[in-house]
Amino acid sequence: MSRFLRRLAGVRWRAIAAGGLSRGVLVFCGVSFMNERVASLTCPRGPSMLPAINIMGDLVVADKVSARCGWVASGDVVQFVSPEDPRKTVMKRVLGMEGDAVTYLVDPGNSDASKTVVVPKGHIWVQGDNIYASRDSRQFGPVPYGLVNGRICCRILPLKGFGLIGSKE
Amino acid sequence: MARVWAALRPYVKHSIGGTLVGLTLSDRYFCVSAVHGSSMHPTFEDRTGEYALVQRSGLARYDFSRGEVVTFVSPVDHRSTLVKRLIGLPGDWISVPETAEIRKIPEGHCWVEGDNGSVSWDSRCYGPVPLGLVQGRVTHVVWPPHKIGRVDKRMPEGRVMPQRHF
């Protein structure tokens with residue numbers, strides 16, 4: 001027993017703790033950097049992007065670089081902070097960049113009335129693919145580009161649907 | 001070549017590590033940024049390069065209070081970041097002196113104005129700003145040395161009717 005204790009006291013605990021701490025901090029910083037600036041994983045939920053993204057159970061990659069650098073173009077699927085509730089992040093398809101004229105159905109399913117708007121400077125027009133069950137720019141108007149925090153580039157799960165989620169136009 | 005790499009390796013390793021730590025600190029906790037322009041006049045002046053400490057932790061809770069100075073991405077141009085005073089929170093009624101109207105701030109938005117009302121380009125021009133655009137709170141002035149100190153909360157008198165605590 002005393003031999004065991006002596007051996008325990010001989011271990012360089014301080015060096016091990018320092019090494020572990022610095023490595024831990026570096027790993028945390030690396031993960032945070034990847035997550036905030038390069039790409040992150042998200043599980044979208046809800047029916048608004050059917051059929052491109054399922055109601056549940058998908059795992060997609062959001063590419064942060066192109067959102068930050070302004071490479072988002074019309075036709076891409078983006079994720080952004082909801083302008084109505086900042087605690088929510090929603091995923092929709094960009095249908096118009098600044099200066100574009102967008103025509104949309106005001107009340108799909110009930111009437112054929114359509115409306116055309118010009119997207120103001122610095123804003124984008126976003127709409128769900130499933131126009132019957134989506135709360136998007138048709139309700140809250142164009143969204144400032146600054147709210148966009150990722151472009152959805154590919155799907156990982158389910159494995160059957162693995163692949164790029166590209167633009168559809 | 002291998003010898004050069006062996007000599008450079010510790011420096012490269014440390015600089016990558018330092019960059020990661022620095023970026024994480026500035027993304028998650030706090031950063032120091034320069035303030036330009038005269039729209040925040042008594043708090044920040046235009047002539048000198050002034051630097052502010054921007055607190056970025058605790059943003060996800062969105063527990064802002066009226067009168068704080070915040071930084072946010074401009075709703076008109078996503079490449080520029082603005083510094084203004086947050087005056088109204090969602091649900092508040094605010095009177096706009098220029099147009100003499102009383103507006104209700106919609107859900108998820110806030111009202112921002114510069115301290116120097118006459119030259120500031122703020123919510124009076126582009127309307128309420130989504131709270132998701134807010135990037136940080138300005139808590140301290142860190143440069144020039146004679147102005148080092150906290151940035152205090154201030155509210156214009158009698159223009160805002162607070163509705164609830166957000």
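Proteins come first, then strands; the chains are lettered A, B, ... in the order of their sequence lines, and each starts at number 1. All values below come from the heavy atoms of this structure, side chains included, with hydrogens, waters and symmetry mates left out.
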Check your understanding: Do you reckon B:Leu59 sits in the same ILVMFWY cluster as B:Leu89, going by side-chain contacts under 4.5 Å, direct or chained?
Key -> yes

Exercise for review: For residues B:Gly132 and A:Pro86, report the shortest heavy-atom separation together with the two atoms involved.
Suggested key: N-CB, 4.0 Å

Review point. Is B:Val142 linked to B:Tyr29 within one hydrophobic cluster, defined over Ile, Leu, Val, Met, Phe, Trp and Tyr using a side-chain heavy-atom separation of less than 4.5 Å?
Key: yes

Check your understanding: Can you find a pair of side-chain heavy atoms, one from A:Pro144 and one from B:His78, that are under 4.5 Å apart?
Key -> no

**Study point:** Contacting region of B:Arg28 [heavy-atom separation from chain A under 4.5 Å]
**Key:** side chain

Point to revise | Largest heavy-atom contact set with chain B, pairs under 4.5 Å, which of A:Gly122, A:Gly70, A:Gly30 | key: A:Gly122

Exercise for review: Look at atom OH of B:Tyr126 and say whether more than 12 heavy atoms of other residues, nucleotides or ligands are closer to it than 6.0 Å.
Suggested key: yes

Check your understanding: When rounded to the nearest 0.5 angstrom, what distance separates NZ in A:Lys121 from OG in B:Ser74?
Key -> 7.5 Å

Exercise for review: Among the options A:Pro120, A:Ser82, A:Ser22, A:Gly146, pick out the one with the most heavy-atom pairs lying under 4.5 Å from chain B.
Suggested key: A:Gly146

Point to revise | Contact class of B:Pro106 relative to chain A, heavy atoms under 4.5 angstrom | key: neither

Point to revise | hydrophobic_cluster_shared for B:Leu133 and B:Phe64, side chain cutoff 4.5 Å | key: yes

Check your understanding: Between atom CD1 of B:Ile16 and atom SG of A:Cys29, what is the distance when rounded to the nearest 0.5 Å?
Key -> 13.5 Å

Check your understanding: Do B:Ile102 and B:Ile105 belong to the same hydrophobic cluster, where Ile, Leu, Val, Met, Phe, Trp and Tyr are linked whenever their side-chain heavy atoms lie under 4.5 Å apart, directly or via other members?
Key -> no

Review point. So which part of A:Phe28 gets closer than 4.5 Å to some heavy atom of chain B, the side chain, the backbone, both or neither?
Key: side chain

Check your understanding: How many angstroms lie between atom CD of B:Glu107 and atom CZ of A:Phe140, to the nearest 0.5 angstrom?
Key -> 13.5 Å

Check your understanding: Honestly curious: do A:Val143 and B:Val76 fall in one hydrophobic cluster under the side-chain, below-4.5 Å linking rule?
Key -> yes

Exercise for review: May I ask you to check whether over 12 heavy atoms, not counting those of A:Arg37, lie within 6.0 Å of atom CZ?
Suggested key: yes

Review point. Among B:Val73, B:Val134, B:Asp27, which has the most heavy-atom pairs under 4.5 Å with chain A?
Key: B:Asp27

**Study point:** Beyond-backbone contact of B:Pro130 with A:Leu147, side-chain heavy atoms, under 4.5 angstrom
**Key:** yes

